[in-house]
Amino acid sequence: MTSKPTIPAVKGMREFYPEDLAVRNYIYQKVCQAATQFGYQEWESPYVEAIALYAAKSGEELVEKQSFVFSDRGGDKITLRPELTPSLARMVAKRQGELVFPLRWWQYGPMWRYEQPQKGRTREFFQWNVDMLGVNSPEADAELISVAATFLKLVGLSPQQATILVNNRRLMDAQFDFLGITPENRTFVSGLVDRRTKMKPEAWDVYALENGLNQQQLDGLEKILGDLDLWQKSDELVRLFKALEALGVREYVKFDPNIMRGLLYYTGTVFEAFDVSGSVRRAILGGGRYDNLLADVGGDPLSGVGFAMGDVVIGIILQEKGLIPAFTPSPAPILVTVFDESLWLDSFAVAAELRAAGLNVIVSPEPAKLPKQFKFADRMGIRVAVVLGPDEAASGQVTLKNLKNGTQQTVSRSQAPKEISEILASA
RNA sequence: GUGGCUGUAGCUCAAUGGCAGAGUGCUUGACUGUGGAUCAAGAUGUUGUGGGUUCGAGCCCCAUCAGCCACCCCA
């Protein structure tokens, strides 16, 4: 054996073996399908950006602690992109005058964040971003939630398995006002709400009282957070749920006053999707409405709504539930064997004929014992083995073996493509 | 950045401080023109890395790297 590699992969970076890439590509395919059903356009932005792009809009945590930052040869600070929204804002602002609104864009690509790798979290991940810009309405919010729900449905997650929880920032702010919580205290209270499911109730109470809430406010807050009918007090949420009903995805969505989302730039509807039954407690995806997206990059004010989904959490969930299609190692379903040295190049010629007929074909690179070649075919998930031995060569024929059921037939070389196609079509 | 657990054959894991092991996979054969099943034989290790304690370290101590889990944050 060779010695062990002395230089490991960089911490938290992903290595995609063929079976891993198959999973990634499967998710990509479903994401594309969901977005395309709703008429969203695929776009792409640079993987490397100036750090200054994020300084304006993204949180301090993301820029200072979670970005991979480098200097280019001119001394400018650049970074592997930790998120997509600032790039979106810039590209839209640059062509704001000529783009057609409402704009519906999606992207699926790599992102990097310098975090401690753990379950559902790596330093390199693929993220699906979907955004609609230029419309500010609960009905537009409903469309985005509907795209997300459509994806969940496409990958085989039922409403019982995965749920999208929805809340509204304006509704919560109004409730906070009613309790006499000051605007400067709102950020703390939002964080408090966010933390509620992670702390023991008593500890949470103490934490709240120690940070400026009085007992009356705490009681009121707990009442609000337990009120699953609270959405009826929000015109926006009433319209949202009616639209979701019409869009046919209402069963995937639930109101939950505990959903706040940490990002400061959300202003209205917010939502997160969770796996209800599995081992991952992290959100599958999250998003919401943000106003004034373009203000910081010099564009005209423009409201938008969007969400993001990482590939890591959804990948774990789909694997756990057996929802990833079986992996076939070989993309070519046909193996042409090489019987011996004298027939070596004849086998190559047979392979070329089959490829010319439009088939995908592996040919053994050198003579080997047939059992070994058949074993290889089996391991690679190949469905048809082609044998060209002395008998076949003498009569201008080849033997075709169906590896699924073990049957075989000997046919002329000219007929082989047609016969193989029939075998492949039969299963 | 903080805390906890782990690191032994390709993989999953054993081994009271005293000879480095099993299952699985791999190679070969039973079967020189046919894979999956069965049986038999065989090969495989700087015990993550570097120090230390000890007559003796896979095991104890320190450091370091990596992985997992939780916190922070978030997709």
Side-chain angles (χ1 to χ4, degrees), chain A residues 1-13 15 17 27 31 58-67 81-85 107-130 148 191 194-195 198-199 260-264 271-275 279-288 306-317 335 337-340 343 364 367-393 398-408 410:
Chain A
M1 286 304 284
T2 55
S3 61
K4 290 179 180 176
T6 51
I7 302 177
V10 174
K11 181 171 180 158
M13 298 297 153
E15 295 184 307
Y17 288 82
I27 294 172
V31 145
S58 308
E60 197 176 316
E61 171 93 14
L62 196 63
V63 178
E64 298 297 326
K65 298 174 76 176
Q66 297 197 336
S67 293
R81 61 184 191 185
E83 62 160 333
L84 222 47
T85 307
Q107 178 170 173
Y108 186 74
M111 253 30 94
W112 293 266
R113 286 185 199 173
Y114 198 91
E115 281 193 285
Q116 211 50 252
Q118 55 186 289
K119 190 171 191 179
R121 286 292 176 267
T122 59
R123 289 183 175 180
E124 177 182 41
F125 56 97
F126 280 70
Q127 190 173 273
W128 182 34
N129 270 72
V130 189
D194 231 16
R195 198 161 303 191
K198 293 176 181 171
M199 295 176 74
M260 291 299 292
R261 298 195 52 71
L263 294 176
L264 298 173
F271 56 96
E272 286 181 353
F274 289 92
D275 172 22
S279 70
V280 191
R281 301 185 62 82
R282 294 177 183 282
I284 296 171
L285 58 88
F307 68 87
M309 179 186 80
D311 72 315
V312 182
V313 169
I314 189 70
I316 292 170
I317 291 169
L335 173 73
T337 59
V338 173
F339 191 83
D340 60 24
L343 292 166
S364 293
K369 290 180 177 177
L370 279 183
K372 191 174 178 184
Q373 296 187 61
F374 272 76
K375 197 162 195 174
F376 171 83
D378 199 44
R379 295 286 305 268
M380 293 299 287
I382 281 167
R383 295 171 57 199
V384 177
V386 179
V387 178
L388 176 65
D391 298 345
E392 289 88 351
V398 291
T399 295
L400 312 176
K401 178 161 184 174
N402 181 334
L403 292 175
K404 277 213 170 137
N405 60 21
T407 61
Q408 64 179 48
T410 301

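Here the structure is a predicted model, which means the values were calculated and not measured. In what follows, chains carry the letters A, B, and so on, assigned in the order in which the sequence lines appear, proteins first and then strands, with residues in each chain numbered from 1.
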Stepwise, does the side chain to side chain contact (heavy atoms under 4.5 Å, CB included) test hold for A:Val384 with A:Lys404? CA-CA 8 Å; A:Val384 177; A:Lys404 277 213 170 137; over 6 Å; no
Check step by step if side chain to side chain contact (heavy atoms under 4.5 Å, CB included) holds for A:Arg282 and A:Val312. CA-CA 10 Å; A:Arg282 294 177 183 282; A:Val312 182; over 6 Å; no
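Base pairing annotation: B:U28 forms a Watson-Crick or G-U wobble pair with B:A40, both donor-acceptor distances under 3.5 Å. Figure legend. B:A70 is base-paired to B:U2; pairs are counted as Watson-Crick or G-U wobble with both atom distances under 3.5 Å. Nucleotide B:A14: unpaired (no Watson-Crick or G-U wobble partner with both distances less than 3.5 Å). A 3.5 Å limit on both hydrogen-bonding distances identifies no Watson-Crick or G-U partner for B:G35. Applying the Watson-Crick and G-U wobble criteria (two distances, each under 3.5 Å), B:U46 pairs with nothing in any strand.
Side-chain to base pairing of A:Glu115 with B:A75: one donor and one acceptor N or O lie within less than 3.5 Å of each other. Side-chain atoms of A:Arg121 and base atoms of B:C74 include a donor and an acceptor less than 3.5 Å apart. Taking 3.5 Å as the limit, the base of B:U34 and the side chain of A:Gln408 contain a donor-acceptor pair of atoms between them. Remark: the A:Arg282 side chain and the B:A75 base include no donor-acceptor N/O pair separated by less than 3.5 Å.
Among the heavy atoms of the strands, none lies under 4.0 Å from A:Ile314. Looking at heavy-atom distances under 4.0 Å, A:Lys401 makes contact with a base. Among the protein residues, A:Val387 comes within range of the nucleic acid bases, having at least one heavy atom under 4.0 Å from a base atom. At a threshold of 4.0 angstrom between heavy atoms, the contacts of A:Asn129 with the nucleic acid are absent. If you check every strand for non-hydrogen atoms under 4.0 Å, A:Lys372 touches nothing. Using a 4.0 Å heavy-atom cutoff across all strands shown, A:Ala308 reaches sugar-phosphate atoms only and no base atom. Within 4.0 Å of A:Thr122, counting heavy atoms only, lies at least one base atom of the nucleic acid. When heavy atoms are screened at a 4.0 angstrom cut-off, A:Gly12 is found touching the sugar-phosphate backbone but no base atom. Among the protein residues, A:Phe376 comes within range of no part of the nucleic acid, since none of its heavy atoms lies under 4.0 Å from any strand. Counting non-hydrogen atoms under 4.0 angstrom, A:Glu124 reaches nothing in the nucleic acid.
Taking atom CG of A:Leu335 as the reference point, atom C1' of B:G35 lies 11 Å away to the nearest angstrom. Rounded to a whole Å, the CG atom of A:Leu370 is 13 Å from the P atom of B:G36. Between the P atom of B:A75 and the CH2 atom of A:Trp112 lies a distance of 17 Å, rounded to the nearest Å.
Atom CD of A:Gln127 is separated from atom CE of A:Met111 by 4.5 Å, given to the nearest 0.5 angstrom. Rounded to the nearest 0.5 angstrom, A:Trp128 CH2 and A:Ile27 CD1 are separated by 11.0 Å. A:Lys401 NZ to A:Thr407 OG1: the interatomic distance, rounded to the nearest 0.5 Å, is 8.5 Å.
Residue side chain A:Phe339 fails the stacking definition with respect to B:G33, as its ring centre and the base's six-membered ring centre are not both under 5.5 angstrom apart and under 30 degrees in plane angle.
Under the 3.5 Å distance criterion, the side-chain polar atoms of A:Arg113 are matched with a main-chain donor or acceptor of A:Pro82.
Along RNA chain B, the nucleotide closest to A:Val312 and the one closest to A:Met13 are compared, and the more 5′ of them pairs with A:Met13.
Of the C1' atoms belonging to B:A9 and B:U16, the separation is 24 Å, rounded to the nearest Å. Spacing between B:A14 and B:G33 at atom C1', rounded to whole Å, works out to 44 Å. Of the P atoms belonging to B:A57 and B:G51, the separation is 14 Å, rounded to the nearest Å. Separation of the C1' atoms belonging to B:U64 and B:U28 is 43 Å when rounded to the nearest angstrom. Look at the P atom in both B:C62 and B:C5: the space between them is 11 Å, to the nearest Å. Taking atom C1' in both B:C72 and B:G4, one finds a spacing of 16 Å when rounded to whole Å. Comparing the same atom, P, in B:A15 and in B:G52 gives a spacing of 28 Å after rounding to whole Å. Of the P atoms belonging to B:U24 and B:C19, the separation is 26 Å, rounded to the nearest Å.
Put simply, A:Arg379 has a side-chain N or O that comes within less than 4.0 Å of OP1 or OP2 on B:C26. In this model, the phosphate group of B:A66 is not approached by any side-chain N or O of A:Arg123 to a distance below 4.0 Å at OP1 or OP2. Between A:Lys375 and B:A37, a side-chain N or O to OP1/OP2 separation shorter than 4.0 Å is absent. For B:A70, one of the phosphate oxygens OP1 or OP2 lies less than 4.0 angstrom from a side-chain nitrogen or oxygen of A:Gln118.
Counting only heavy atoms from C-beta on, A:Lys119 has its side chain closest to B:A70 among B:G36, B:A75, B:A70. Distances from the side chain of A:Gln116 to the nucleotides B:C71, B:G35, B:A75 place B:C71 closest. Each of B:G35, B:C73, B:A66 was ranked by its minimum atom distance to the side chain of A:Lys11; first place goes to B:A66.
Contact annotation: the side chain of A:Leu403 never approaches that of A:Asp378 to less than 4.5 Å [non-hydrogen atoms, C-beta and beyond].
A donor atom on one side chain and an acceptor atom on the other are found under 3.5 Å apart for A:Glu392 and A:Thr399.
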